[in-house]
Number of protein chains: 2
Amino acid sequence: MVTLAEVARHAGVSASTVSYVLSGKRTISSGTRERVERSIRELGYHPNAGARALASSKSNIIALMMPLRTDMYVPVMMEIAIAVATTARERGYDVLLLTGQEGPEAVRRVVGSGLADAMILMDVELEDQRLPLVRESPRPAVLIGLPADTSELTCVDLDFAATGRLCVAHLAELGHREIAVVGEAAAVYQRHTGFAERTLLGVREAAAELGVRVLHRPCEGSYESVAGTLSRIFDERPATTGIVVQNEAAIGPLLSLLRQLGRAVPEDISVVAVCPDQVATQTSVALTSVAIPAHEMGRRAVELVMAKVEARGAGPAGNGAATAPQATATGACTELLPPQLTVRASTGQAPAPTGAQ
Amino acid sequence: MVTLAEVARHAGVSASTVSYVLSGKRTISSGTRERVERSIRELGYHPNAGARALASSKSNIIALMMPLRTDMYVPVMMEIAIAVATTARERGYDVLLLTGQEGPEAVRRVVGSGLADAMILMDVELEDQRLPLVRESPRPAVLIGLPADTSELTCVDLDFAATGRLCVAHLAELGHREIAVVGEAAAVYQRHTGFAERTLLGVREAAAELGVRVLHRPCEGSYESVAGTLSRIFDERPATTGIVVQNEAAIGPLLSLLRQLGRAVPEDISVVAVCPDQVATQTSVALTSVAIPAHEMGRRAVELVMAKVEARGAGPAGNGAATAPQATATGACTELLPPQLTVRASTGQAPAPTGAQ
DNA sequence: CTCGGGCGTTGAAGCGCTTCGACATCTGTC
DNA sequence: GACAGATGTCGAAGCGCTTCAACGCCCGAG
């Protein structure tokens with residue numbers, strides 16, 4: 001492996017000069033710079049990551065902690081992960097992939113070993129075990145998801161309450177007065193991942209305000225589960241004309257079943273989904289949906305965590321005036337991305353009431 | 001941060017002793033070992049990753065290169081990634097997540113910087129651009145997927161040819177004589193990812209042998225695309241009684257459409273899918289399927305790459321007798337996992353011929 | 001009692017890089 | 001023409017760890 005020293009010799013300068021050319025932390029005359037850069041290219045030099053990390057106590061790596069489960073909202077997770085990796089790389093960082101398998105210990109290990117300069121935690125639950133460790137960790141962290149107590153934490157998430165409100169508002173505006181929510185699997189509510197509850201909260205809030213009746217039923221992604229959920233919904237509330245689906249795995253079966261039941265979408269029943277756009281456009285009836293901005297979430301998480309890393313780096317050297325911005329950058333904050341509803345073919349004017357209410 | 005020197009002082013031993021306790025590369029008296037271990041625990045010591053990497057030129061990290069695309073077989077990719085991360089961690093390695101965004105350059109960068117000790121490449125195409133770099137790289141690598149030329153390479157993949165044969169054999173045994181293959185999106189074939197072609201090869205091989213007629217049509221995952229594909233299939237080969245689906249996104253729409261067309265599964269038409277078990281069991285009719293052993297693929301890839309890393313490490317010190325096993329461990333090899341077909345509810349005896357051949 | 005040889009432990013030399021302070025050299029100024 | 005201040009470059013001191021050669025010690029054999 002080519003070392004910096006060899007590059008220096010080849011270019012006829014000292015090692016420190018090469019280092020400064022690389023980092024840009026000191027001004028270098030353009031002649032020297034070009035000579036060094038040529039040597040780097042000719043020798044095919046790549047700085048040694050370990051040595052760099054040791055000398056600078058910066059690894060240029062951020063850790064991304066994924067859930068171990070592969071049963072839920074996989075495409076969203078994957079898209080977030082890819083967005084994180086892509087954005088990080090654009091800024092010169094690499095991404096270390098951690099799974100939940102090690103449990104909260106992983107946080108300690110990664111932070112303690114200086115393997116990563118910062119962390120991004122996905123799939124954060126309301127009372128997440130990792131949070132105490134994150135709070136006392138000297139390294140910055142950003143959560144994707146919203147825990148119960150966000151004090152001292154920085155979080156990014158879709159504004160699911162607003163998402164719920166938006167879905168209901170859209171249906172209400174079309175004249176629907178009885179709607180059903182086909183929710184996530186019961187396990188999701190039990191695990192208190194939060195987003196499902198928040199959606200429901202928004203739904204109920206808007207419903208109360210707009211005079212809409214709501215029925216909520218958790219639902220697994222399997223065909224049978226959707227069938228059961230749907231028949232229970234129509235049993236209990238025959239006048240239901242609008243459905244909000246949160247469990248994206250349930251979407252396919254849902255549309256299929258409605259067709260079998262002879263309920264036309266959107267003539268008899270309107271459907272709004274909370275799902276990635278890609279899913280919404282692949283179905284038999286293009287779905288009116290609120291997109292889950294997975295890419296945006298990943299990107300923002302990286303940007304926030306990066307800002308913190310840089311603030312920390314610049315911190316000790318900062319003058320008085322710098323304290324305020326630094327505090328802002330380092331300080332806790334919760335960023336809820338505004339939901340966006342795209343009207344497609346699955347929602348329409350409510351059918352004329354057939355007698356109910 | 002606590003350093004090894006502090007642990008040494010606290011335990012009343014030298015730094016090297018602590019290091020040997022940690023690595024186990026020299027015998028340490030149990031008294032000393034326990035004292036050191038206690039100090040480590042009390043001080044909450046975590047070895048610094050950068051320093052370690054620098055001194056030992058081993059980072060204990062393996063790089064996992066994912067495709068940038070998020071449109072295809074996402075759950076499979078995700079499961080492989082998680083299996084890789086989990087298995088690696090069990091063996092004391094961390095996983096660095098790379099995407100295709102940097103292109104083949106990423107291989108050079110990671111290898112050159114000593115960031116990772118080895119690489120695992122996913123979604124390898126027949127003529128993958130990364131292969132030349134991998135071949136000349138001094139670090140071990142394992143591919144998940146099968147390129148056209150496997151010389152000097154180590155690969156893991158499902159035996160897709162056998163998969164194709166297995167599907168056809170199963171249908172043939174049930175008396176089907178005209179079958180259709182609902183393939184991957186045309187883009188997949190154009191990109192030459194290989195697995196789709198290999199499946200088809202197996203299908204054709206078995207079909208020729210068993211006297212079965214095959215019609216292959218590429219197909220996107222969207223409802224409309226599946227509808228078009230299906231109607232073309234039944235137009236061209238009305239006597240088709242068996243379908244092999246390779247594109248897992250097409251499965252939901254396919255079943256839904258067959259129902260609409262009044263073709264009962266499995267009475268009128270049998271369906272075999274190539275997909276994860278989870279997908280096969282969630283559908284309206286539980287699908288007879290060949291599973292994609294994503295977890296197994298990830299695990300094996302790690303095991304193979306790890307064996308190489310260790311062989312390399314032990315290499316230079318090896319004696320004459322060690323050369324043979326080392327060569328085996330380091331040498332190229334292709335490991336095709338045998339497919340396994342699980343019979344569920346979607347396949348059955350072919351209906352009595354209605355006149356066609 | 002002496003001596004060879006394990007065994008357990010240590011000191012010291014780096015690994016390849018960053019970074020600080022120092023040192024030339026070159027401007028522009030009074 | 002001398003001097004303060006940029007500007008560009010360098011030497012050297014680590015960063016925290018691994019590892020090698022060496023050393024002291026105790027044991028058993030002769």
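Residue numbers begin at 1 in each chain, while the letters A, B, ... track the order of the sequences. In this text the structure is predicted, and so the values were computed from the model without any measurement.
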Taking [X] for the side chain and [Y] for the main chain, is one N or O donor matched with an acceptor at less than 3.5 Å?
{"X": "B/T17", "Y": "B/V13", "answer": "no"}
{"X": "B/S57", "Y": "B/A53", "answer": "no"}
{"X": "A/T154", "Y": "A/V142", "answer": "no"}
{"X": "A/S39", "Y": "A/R35", "answer": "yes"}

Exercise. Looking at residues 108-118 of chain B, who's got a heavy atom less than 4.0 Å off DNA chain D?
Worked result: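 Those residues: none at all.
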Problem set entry | Strand contacts (DNA chain C) in residues 3-11 of chain B, 4.0 angstrom heavy-atom criterion |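 Contacting residues: none.
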Problem set entry | DNA chain C contacts among residues 26-52 of chain A, heavy-atom distance under 4.0 Å |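 Result for residues 26-52 of chain A: A/R26, A/Y45, A/P47, A/N48, A/A51, A/R52, sorted by number.
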For this session: Find the distance between CG (A/D128) and CG (A/D149) and round it off to the nearest 0.5 Å.
Result: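 So the gap between those two atoms works out to 12.0 Å.
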Exercise. How many angstroms lie between CG in A/L304 and CG in A/L143, if you round to the nearest 0.5 Å?
Worked result: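 It is 10.5 Å, given to the nearest 0.5 Å.
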Problem set entry | B/T87 and its side-chain contact (heavy atoms from CB on, under 4.5 Å) partner, picked from B/R299, B/R300, B/M306 |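 It is B/R299, the one option of B/R299, B/R300, B/M306 that forms the side-chain contact (heavy atoms from CB on, under 4.5 Å) with B/T87.
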For this session: Would you check, one step at a time, whether the test side-chain contact (heavy atoms from CB on, under 4.5 Å) holds for B/V305 with B/I62?
Result: CA-CA 9 Å; B/V305 92; B/I62 67 183; 4.3 Å; yes
Problem set entry | Terminal helix-axis angle for the helix from C/dC1-D/dG30 to C/dC30-D/dG1, with five pairs defining each axis and rounding to 10 degrees |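 Both end axes considered, the difference amounts to 50°.
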Just the atom pairs and distances: protein N or O near nucleotides 4-6 of chain D's N or O, under 3.5 Å.
none

For this session: Return the set of residues passing side-chain hydrogen bond (donor to acceptor under 3.5 Å, both in side chains) with A/S19 (not counting sequence neighbours), or none when no residue passes.
Result: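 A/S19 satisfies side-chain hydrogen bond (donor to acceptor under 3.5 Å, both in side chains) with no other residue.
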Exercise. What residues, two or more places apart in sequence or in another chain, satisfy side-chain hydrogen bond (donor to acceptor under 3.5 Å, both in side chains) together with A/T86?
Worked result: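 For A/T86 there are no side-chain hydrogen bond (donor to acceptor under 3.5 Å, both in side chains) partners, ignoring immediate neighbours.
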Problem set entry | For A/E42, all residues meeting salt bridge (Lys or Arg N to Asp or Glu O under 4.0 Å), sequence neighbours excluded |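 Partners of A/E42 by the salt bridge (Lys or Arg N to Asp or Glu O under 4.0 Å) criterion, ordered by chain and then number, come out as A/R38.
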Exercise. Got a sec, which residues hit salt bridge (Lys or Arg N to Asp or Glu O under 4.0 Å) with B/E6, two or more places apart in sequence or on another chain?
Worked result: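 If we apply the salt bridge (Lys or Arg N to Asp or Glu O under 4.0 Å) test to B/E6, skipping adjacent residues, there are no hits.
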Exercise. Should we count CD of A/E127 as having more than 12 external heavy atoms under 6.0 Å?
Worked result: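 Count not over threshold, so no.
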Exercise. Above 12 or not: heavy atoms from other molecules or residues under 6.0 Å from CD of B/Q129?
Worked result: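 Open.
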For this session: Rounded off to whole Å, could you give me the NZ-to-P distance for the B/K25 and D/dT18 pair?
Result: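 In whole Å, D/dT18 P lies 8 Å from B/K25 NZ.
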For this session: Decide whether A/S137 and A/R139 meet the rule of one side-chain donor and one side-chain acceptor closer than 3.5 Å.
Result: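 A/R139 and A/S137 do not have a side-chain donor-acceptor pair below 3.5 Å.
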For this session: Using the heavy-atom set of chain B and a strict 4.0 Å cut-off, write down the first and last nucleotide of DNA chain C that makes it in, 5' to 3'.
Result: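 Nucleotide range with atoms under 4.0 Å of chain B: C/dG8 to C/dG16.
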Problem set entry | B/I144: side chain to side chain contact (heavy atoms under 4.5 Å, CB included) partners, not counting sequence neighbours |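 Per chain and number, B/I144 pairs via side chain to side chain contact (heavy atoms under 4.5 Å, CB included) with B/I80, B/I120, B/M122, B/M297, B/A301.
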Problem set entry | All side chain to side chain contact (heavy atoms under 4.5 Å, CB included) counterparts of A/K58, not counting sequence neighbours |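 For A/K58, the residues satisfying side chain to side chain contact (heavy atoms under 4.5 Å, CB included) (neighbours in sequence not counted) are A/S56, A/N60, A/Y93, A/D117, A/V309.
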Problem set entry | Whichever of B/Y20 and B/M1 has its nearest DNA chain D nucleotide further upstream toward 5' |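 With B/Y20 and B/M1 compared, the 5'-side residue is B/M1.
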Exercise. Between A/V13 and B/S23, which is nearer to the 5' end of DNA chain D once each is assigned its nearest nucleotide?
Worked result: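 Closest to the 5' end, via its nearest nucleotide, is A/V13.
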